[in-house]
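One structure is given below, encoded as structure tokens.
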Amino acid sequence: MPMIGQSIKRREDLKYVTGSGTYVDDITLPGMLYAAFVRSPHAHARLLGVDTTKALEHPKGIDAITGAEAYPLAGPMPVYSYREAAVIKKPDYRCLAHDRVRFVGEPVALVAAADRYAAEDVAELVEVEYEPLEPLMNPDESIKPDSPKLHDNLDNNVGLRIERRGGDMEAAYREADFVFKRRYRMHRHTGTPIETRGCIAQYNTGTQELTLHCSTQIPHILKTHLSEILDFPEFKIRVIAPDVGGGFGNKLQVPPEVVALCLLAIKTRRPVKWIETRRESLMAFLHAREQTHDVEIPMKRDGTILGIKSHEIVNAGGYLDARISGPSLGAGMWLPGPYMVKGFHVDIDAVMTNKCPYGAYRGFGSQMGALVIERSLDLIARELSRDPVDLRKQNVIKETPYKCVTGHEFDSGDYMAGLDKALEMVDYGALRAEQARLREEGRYMGIGVAMAVEGAGWNTYTAAMAQHYVPTLDYATVTMRMDTSGNVKVLIGDVACGTSHATTAAQVAADAIGLPIDTIEVVEGDTAVTPYDSGTRAARFSAVVLPAVAESGMALKKKVCRVGAHLLEGAEEDMEIVEGQVQVRGVPGKSLPVSRVARVAYSEVATLPHEIPAGLEATESFKAPMSGLCITWPYSIHIPVVEVDIETGTVKFLRYAIVHDCGVEVNPMVVEGQVVGGTAQGVGGTLLEEMVYDEDGQLLTTSFMDYLIPTATDMPSFDVCHLQTAAPQIPGGYKGMGEGGCVYAYAAVVNAVADAIEPLGVEITSTPLSPSRILELLREARG
Amino acid sequence: MIPRAFEYFDPATLEEAVGLLEQHGEDAKLMAGGQSLLPMMKLRMVSPAVVVDLWRLPELDYIRRDDGVVRVGAMATHYALHSSPLIRTTLPALADAARVVGDPLVRNLGTIGGSAAHAAYNADYPAVLVALNAELLAVGPDGKRSIPAVDFFTDTFTTCLEPTEIVTDILIPVPGSGARSAYLKLSRRGTDFAIVGVAAALTEGEGGHCADARVVLTGVGDVPVRVTEAEEILQAGPLDAERMAEAGEAAKRNLDPPSDVQADAQYRVDVSGVYVRRAVAAAWQRS
Ligand SMILES: Cc1cc2nc3c(=O)[nH]c(=O)nc-3n(C[C@H](O)[C@H](O)[C@H](O)COP(=O)(O)OP(=O)(O)OC[C@H]3O[C@@H](n4cnc5c(N)ncnc54)[C@H](O)[C@@H]3O)c2cc1C
């Protein structure tokens, strides 16, 4: 029975539910020191002096490093460029602040002490002298030409400018009967992995090796960057990502803190552990999402969308994170959604302010694009007195493959059928009637519809690494190593962070080789044993890594068959492996267990002909097809149904229907988990989560008491319908998935809430939709 | 998340506990369930040099009825309160409040005495204790004293307790016939502190009238806020939906609630009216 397509239980769960996983904080190395950061209490200040004398007088204070000391030892943090995403001049972003501090929580110094408690006490004793400066919190202000500059080496506060054009926008305006215009504002929130950042850095004087146990999604990329930043030989750096308790894209970061930790480990010659507290994490781990869009949509009276144009402003924070252009571009490039438009035009300014730097977070910006187009469609439908679903049906792409004006090549799928399915799940017609009936009673039910195409697997990372644009494509390399008993280790350079790799990769490997799944084990996360890989990002695992698993598995199978053919005295081409037996196709009884073949290949090599190599190991790569920015195009339709209590502004879910198509599903249960988990995160981001700063630049949401992540009691139950349109360009037909739920939920939930209270004269164009914000909108509408 | 160093004691008797408080004065902090104290210590918002844990004092952990009074030990947990048949039947508002404090972990460890002594402006019990006319007993170097709940809460995070005093018992009169009560809380998520919480204690009189009403709000001031104008309206005629709505409107007058990241002051005012109406209705529907 093939394993692909089965909802087998997750193979990693036994470890997790019995508490036998190993996270960074579970690891203790001999002689280990504990680190704590001194962080800026100011949003913006000149750094006049950092004095560690008193701190090091503490009986347990061992050593410390300041920005001034680190400056010559570690180069600037990296910033990636994509095509047309010109980073003109980079802010001088260092691992520790050296001239000014530019956000509350910015690391200023790092201390090492004999234990974790002492580390905190020692950090408190570091004396830092600041000269507070006026903070710039609002990008609309700091973008102005006369605004004070946050970075002396920049011409102004625009850290990144991207201009993207596609199709014929002039024609779109020419043919338009009217131009729909709005300003949308999306609030700052971010991924909050249960395991915060953490790392142990260790320098071995004897081997001159730097070893990191680090909670990261990108062990290999981190290694490459550390080599550049520290000017340290890459082959002397080993990064081990043990179990990772959540990543959400945030852990794609090359953390400045980790660079500083490496310096301290080299300085002290002892392992140094840093485990971030939640407070630090909320202040200084990457934030995301905050953007505004000034949008114009040229329209025909008959409901045809002709084009979309936006000026997108991203609040980039105090420094540019390496991946800043990703979520900036992600929002812009997703503006047309799954609709046919003639013209596309986006100008993106990522603007420096005194907030935490802006980085990657599940969805990589695309939810803002989705929100803009989906919200606009609802508002346009209202203007034209049309049903919002009807307007979508008129404009949705009817046939795939489809080349979008953005340059995206949507590979496959039937968006209209997906929409129809979702409408059927909620019984849309009856629901609208029910809504009308409830309104008579003074109850406000809302139906939100959002549909989007998600890009899974971005073809861009090597270009990003090059720090200037070169055409590139994504790839993955996988090694399969069979042991002398016929069991197989699958070595992958990724890291699972709730993404079930140990299960899905084993399913694919089992089918590729022909072995029972319990003889296969997946090994990830250690750069010393796994092939180079760009990491767990961009929903690329199924689109790019699984095909590499399959290829590598088939290569291993070939090798097993070759030895088997010799032992069974058959032709290599006639061999097959079924349920762990090597056999001659069509000749029952002529078979050997794979374990026997393995034993011969390793231990009885002398009995094999000279041409057959010893051992059983294969390494293969899969290169993604060159199909534009992204590799595969899953899509989804979300229809949440909510009721808004107009007296309290609270939102209750009545239904939540999801239609999802990510191509061939390796494990439908895992897919459903990702869809539901992502959607929950999207719902939380829309209704609950917000990073709130006051005017002085102090972050007010520094604990989970103030930064509200959704809990089970806040969630509806989700009805998920799985469609499976095989990805035409990917062997196996998989598309990436995992970000989607988070992308569509945002637009869908906003539309649902807006639909509920629209009869009261409210127009929603910004988030979050907290109860107090909803009441404020209702109050404003009443006048 | 990492507290400063402290010395830890877990005395076996109340006298010993009082003695430790006397000895260490302002440097000492009592610990009950630790659900407010420990988070504050971990954030270094407080750093007591000495922690005196009350967990070994069984005489503080009980719930019982003595004649006309329900007595609750200061160390009774939120879970014990909301699962107690005695509390559920005689003091439903108190059971309501205990059920919505935090999450199961907090409810298993946190105590009513700790919550009262912590006196957060948005905690659930204070409003209920005032509405139900509770009295708190405290013991200190000078012996025992009894403090009415209205006088106990003096400011946010501040009570009339001396640093050397320990809350031992909470006494609540058993309501007479026709009494009914409820506590209703509005929070962002199921597990959060109240944006506003309303305790309503009503007594049914003749002909559908409410003979006595005590309505107390949490989350809208430094101490529990009793809305007497609303109470008067509730008692002024037959208690129907219209009267409840009128009382809700009246409750909004003169409120001066705080603003925070969860809700601004205006929001708190608006929903106070709604929640007064709903809490009164919920209490009134109980028989
Ligand atoms: C995640 C979370 C959610 C929460 N949600 C809510 C909520 O929704 N509503 C709510 O009301 N509360 C909430 N709380 C607080 C919770 O109710 C605490 O249990 C309560 O505030 C303190 O009780 P405790 O027994 O844990 O006291 P501790 O934390 O041990 O002590 C609190 C304070 O009281 C003092 N103290 C303790 N006992 C006595 C005593 N007998 N005499 C004198 N002083 C004493 C201590 O010195 C300390 O200053 C929440 C807490 C957490 C961690």
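Chain identifiers are assigned alphabetically (A, B, ...) following the order of the sequence lines, protein sequences preceding nucleic acid strands; residue numbering begins at 1 within each chain.
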Given that the side chain runs from C-beta out, which part of B:L43 has a heavy atom under 4.5 Å from chain A: side chain, backbone, both or neither? side chain
In this structure, are over 12 heavy atoms from other groups packed under 6.0 Å from B:R99 atom CZ? no
Can you tell which part of A:F704 gets under 4.5 Å to a heavy atom of chain B, answering side chain, backbone, both or neither? backbone
Rounding to 0.5 Å, atoms OG (A:S772) and CD1 (B:I195) come to a distance of 7.5 Å
Please check if the number of heavy atoms outside B:D155 that lie under 6.0 Å from its CG is greater than 12. yes
Pairs of heavy atoms under 4.5 Å with chain B: top-ranked of A:L708, A:L700, A:T711: A:L708
Within the 4.5 Å heavy-atom criterion, are A:S770 and B:Y267 side-chain neighbours or not? no
Counting neighbours of CG on A:D696 that are heavy atoms of other residues, nucleotides or ligands and sit closer than 6.0 Å, is the number greater than 12? yes
Residue by residue, scan residues 213-225 of chain B and write down, ordered by number, those that have a heavy-atom distance under 4.5 Å to chain A; if none do, write 'none'. none
Steps toward side chain to side chain contact (heavy atoms under 4.5 Å, CB included) verdict (A:L775, B:V271): CA-CA 9 Å; A:L775 274 206; B:V271 295; 4.1 Å; yes
Got a salt bridge between A:D121 and B:R44, using NZ or NE/NH1/NH2 to carboxylate O under 4.0 Å? yes
Answer with side chain, backbone, both or neither: which region of A:E280 has an atom nearer than 4.5 Å to a non-hydrogen atom of chain B? neither
Do B:R189 and A:P710 have side chains that get closer than 4.5 Å, going by heavy atoms? no
Contact origin within B:D264 toward chain A - heavy atom pairs under 4.5 Å: both
Heavy atoms of other groups near A:Y23 OH, more than 12 under 6.0 Å: yes
Between A:T713 and chain B, which part of the residue has a heavy atom less than 4.5 Å away: side chain, backbone, both or neither? side chain
Is it the case that atom CD in A:E441 sees more than 12 heavy atoms from other parts of the structure closer than 6.0 Å? yes
What part of A:D115 gets closer than 4.5 Å to chain B, counting heavy atoms only: side chain, backbone, both or neither? neither
What part of A:S703 is in contact with chain B, defined as an atom under 4.5 angstrom from a non-hydrogen atom: side chain, backbone, both or neither? neither
Is A:R779 paired with B:D270 through a side-chain N to carboxylate O contact shorter than 4.0 Å? yes
Please check if atom CZ in B:F157 has more than 12 non-hydrogen atoms from other residues, nucleotides or ligands closer than 6.0 Å. yes
Side chain from CB out, backbone as N, CA, C, O: work out which of these in B:P39 comes under 4.5 Å of a heavy atom of chain A, or both, or neither. neither
Determine, stepwise, if the pair A:E120 / B:R4 fulfils salt bridge (charged side-chain N to carboxylate O under 4.0 Å, His left out). CA-CA 8 Å; A:E120 215 65 32; B:R4 293 199 181 82; over 6 Å; no
If you count heavy atoms of other groups shown closer than 6.0 angstrom to CZ of B:R278, is the number above 12? yes
Please classify the contact between A:I709 and chain B as side chain, backbone, both or neither, with a heavy-atom cut-off of under 4.5 Å. both
Of B:M1, B:R268, B:Q262, the largest count of non-hydrogen pairs under 4.5 angstrom with chain A goes to B:Q262
Is chain B contacted by the side chain of A:E776, its backbone, both, or neither, given a heavy-atom distance below 4.5 Å? side chain
If I measure from the heavy atoms of chain A, does B:L186 come under 4.5 Å with its side chain, its backbone, both, or neither? side chain
With side chain to side chain contact (heavy atoms under 4.5 Å, CB included) as the test, would you mind laying out the steps for A:T648 and B:Y275 before giving the verdict? CA-CA 9 Å; A:T648 61; B:Y275 265 63; 3.7 Å; yes
